[in-house]
Amino acid sequence: MATYNNPGADDIMNEARLYIHDPSSLALIQKAENFAAEHHAGQFRKSGEPYVVHLYNVAFILATMRVGPKTIAAGLLHDSIEDCGITREQLAQQFDEEVADIVEAVTKIGTLKFKGKDDPEYQAANHRKIFIAMAKDVRVILVKLVDRLHNMRTLEYQPEASQKRISSETLDVYAPIAHRLGISAIKNELEDLCFYYLNKDEYYHIAHLVETKKTERDAAVNHMICEISDMLKKNHIQFRIFGRSKHLYSIYNKMVKKHKRFDEILDLLAIRIVTDTDLHCYEILGYIHAKYKPIPGRLKDYIAVPKTNMYQSLHTTIVGDDGKIFEVQIRTEEMDAVAERGVAAHWRYKEGNRYSAREEQKQIEEKLSWFKNFALYSEENGGSESASEYMATLQHDVFEANVYVMTPMGRVIDLPSGATPIDFAYRVHTDVGHTCVGAIVNGTMVPLNTELKTGDVVEIRRRKGSGPSEDWLKFVKTNQARNKIRNYLQKKEVEKRSEKIEEGEKILREEFTKRGFNAKELMEKSRLENIYRDFQVGNYIDFMYGIAVKSINPTIVCEKMTRAKARLSEDQTVQRILEREMPKLHNSKTGIIVPGIDNIKMAIAQCCCPVYGDPIKGWITKGEGIKVHRADCPNINTPHAHLIDVEWDGGDSERSYDTDIAITARDRSFLLTDVVTVVSQCKAPMESVNAVVNHETLTSRITMTLRVKDVDHLNNVLANIRKVDSVITVERTIH
Ligand code: MN
C-alpha cells in the first residue's frame, strides 16, 4: 500500500496560491484553517493523529483539484457541525452562506445510513441517486468524495468489520460517482483501496503478477516510447509521452468479468501521448497507424464523441515490432486534465468580479453529461432509451419523483415528491402510521400535511390506541398510506356499525319496556318493517343505526308502533260498524220535480251530491236529461242558458241520498274509530271511508261517502263529527 505524507497548513496555502491570487479569497482559506484548528483542538483520529490532519488533507487534495476558495474552506470546515457542535448559522456568520450550505449538506450526507448488501432492499444505484439528490451542488459531492478518499487512505485504523462495510459502500456509491464526475484519479485510488480491503488475497495476487512482469513490461514500453518520440520529433509536433500502469482493480475486473488470463489483458502495456491541439491528436494517430499495425475495432474517437463524463481522447491498440500489444491514448493537455480531475478541471476557478459560483455550477451541470445520463448509469447494461427519455427519467427519478428523508437514526426513506409525515410513518411501519399523532421535522413540530423535503429528519410522535383520521386521505401521496388508512377506517366502520346496531336495539327495547309494551313482540323485524318508510330508511340495520346515532327518535317510534297496532284493530272495528245492519233507505226516485213538466229523465249530480232540502238547480244535458246540482255548485256557474229551475217534491221518509264529506284532524290513535262510531250513532250509513295520514303535518284526512235522509240529517252528522276530539274541520266535498 502507498504511504502518504500529511500536508500542513502552509502546504494548503502554497497549493492554493498557485491559482488563487485574490487576497480576500486566500484570507478566507486561512480563516477556515484557523477555525478548524481551534475547534477541533483536542480531538484525535483513530490513527492517533490530531483531527485537524484529516481536514488539512481534504483541503489540500481539493486545492490540487483547483477548486474555488469556498470549496477549500468548506473542506476545512466539513466536520465542524458534526464534531464541534457548530451550527450552520454560526458558519454563515463567520464565513458565508455558501460555505455554510456546503458544510451542512456534507454533514447530512454523512448521517445517511445505506442498507448493507445483505439487506433485501439493497440497491446500489438508488444510493447513488440519494447521494446526488442530497448533495444538490457539485461542490458538496467533491468535498464528500475527497473526505471519503482520505478516510479510505486511513482505513487501516478501523476494525475489520468497518473496513469491509466502508469499502463496500465506497465501491458501490463513491467510486461510481467519481467516475461519473470524470475524476479518474480519485475513482482509481478509491477502487484500489476498496479492492485491497475487500479482497486482500486477490489484491496481492495481481499486485504480484504486475510486479514480476514489471521489468519486462518497462523495457517494452520504454522501447516503444523511444520509437514514437523519434517519429513525432521528426514531424515537429509538440508532445509529452509516458507509459502508464492500469490500476489493479481494473485489471482484476477485466480478469473476472471477461474471463481473461492476466497476460491476455490487452492494454496492460499502455502509453499516453499528450499534445497541444485536437488536430495534432489526429495527426499523431495517423503517424502511429502508418508505422504500426492497428488491431481492428479498437480505435475509439472520444474527441469527436466525448464520453458521458466529458472524457475526451483517442484510443487505439497497436502491435509493436516484437509482437507486443500496446494501448495508446492520444489527447490534448486540457483533455488530460479533464480525464484526471473531471468536473474539477472544468471548474476553472476564475478570479475577479465576473466570477459567480452559481453561474459556474450551472455551466458545469450543463456540460456534465453524467447529469443527463444518471438514469442510464443506473441501468447501464439495459439502457436503450433516447436522450430525452433519460432526462425525463432522471428528472422524475431523482429530482421530482422522490424525496429522501431520514429517520432520527439516519435510515433513508425514499418517498414520492409531495409526501407528508403520514406517508413517512406508513413507510416505516403500518403501526407507526396508525398511531401517528404528530411529526417533528428537523427538530420542529409540524402539521401532518407538511410536504417533506430531501434531507429532512423526520420523527413521528405516536399514541397508543390512536387511529388514522379520514382527513389524512386528503393529503397523503403514497398508495401504501392511502390503502392502509382506508382499510383501517373500513374495518373501524364495520365494527362501529355493529356496535351501533346493538346500541339501537337496546335503546328501542328499553323504550318499549318503559311504556309497558311487549318489547319482544314489537321488536320483530316484520313488525318494524311497516314503519321504516316513515323514517326514510330501507332496512333494519339503517333503522337501528339511526336510533343509536339519534337521527331517529325512539319516542316517535313507539307512538308510530302503537298507532300502527291501533290502526290494525281499528280497521277491524270500522269493518264491524260498516257491516252492522243499517236502516234500509230506498232511493227509488230522486224526489225532484221540474215545475210544469212530467216524466222527464233526471239524475242527481255526483260532484256536489245534493241531499233533500239543499237549494238545487237543474242542468240540461245532451242525452242524459237533467242533472240536479246544489245551487251553489261551482260546476254549473258558467253558461246560464242550460239551467232550469227544479224543486224537491213532498217529504218521503223512505228516501235517502249519498253525499261526500271530508274531515281534517290532528292524527291520533283511534281517531278513525271515534269518527266512524259517531257517524254510525247518527244512523248515517257509510258507503266508503278512507283515511290518509300526512306525516309532515301529523294530520289525518278522512273522506267518506254517507247516506243521509236530508240536509238536516247531514248537518246533524257533521255537527257531531266536529265534536270528536282533535277534529279540525269537517266539510261537504265538491269534486
Ligand atoms: Mn471527514
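Scope of the values below: all heavy atoms of this structure, side chains included, with no hydrogens, waters or symmetry mates. Ligands are counted one by one from 1 in listed order, and the atoms in each one are counted from 1 as well.
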Novice: With sequence neighbours left out, what residues match Asn442 under side chain to side chain donor-acceptor pair (under 3.5 Å)?
Specialist: Asp456

Novice: For Arg45, I'd like to know if atom CZ has over 12 heavy atoms of other residues, nucleotides or ligands within 6.0 Å.
Specialist: yes

Novice: Report yes or no: do Asp83 and Tyr51 form a side-chain donor-acceptor pair below 3.5 Å?
Specialist: yes

Novice: Using a strict threshold of under 4.0 Å (side-chain N to carboxylate O), is an ion pair present between Arg272 and Glu333?
Specialist: no

Novice: Output, by chain and residue number, all protein N/O/S atoms separated from the Mn ion (ligand 1) by less than 2.8 Å.
Specialist: His54 NE2, His78 NE2, Asp79 OD2, Asp147 OD1

Novice: What's the separation between atom CG in Leu448 and atom CG in Asp423, rounded to the nearest 0.5 Å?
Specialist: 11.0 Å

Novice: For Ile29 and Ala16, work out which heavy atoms get closest and say how close.
Specialist: CD1-CB, 4.0 Å

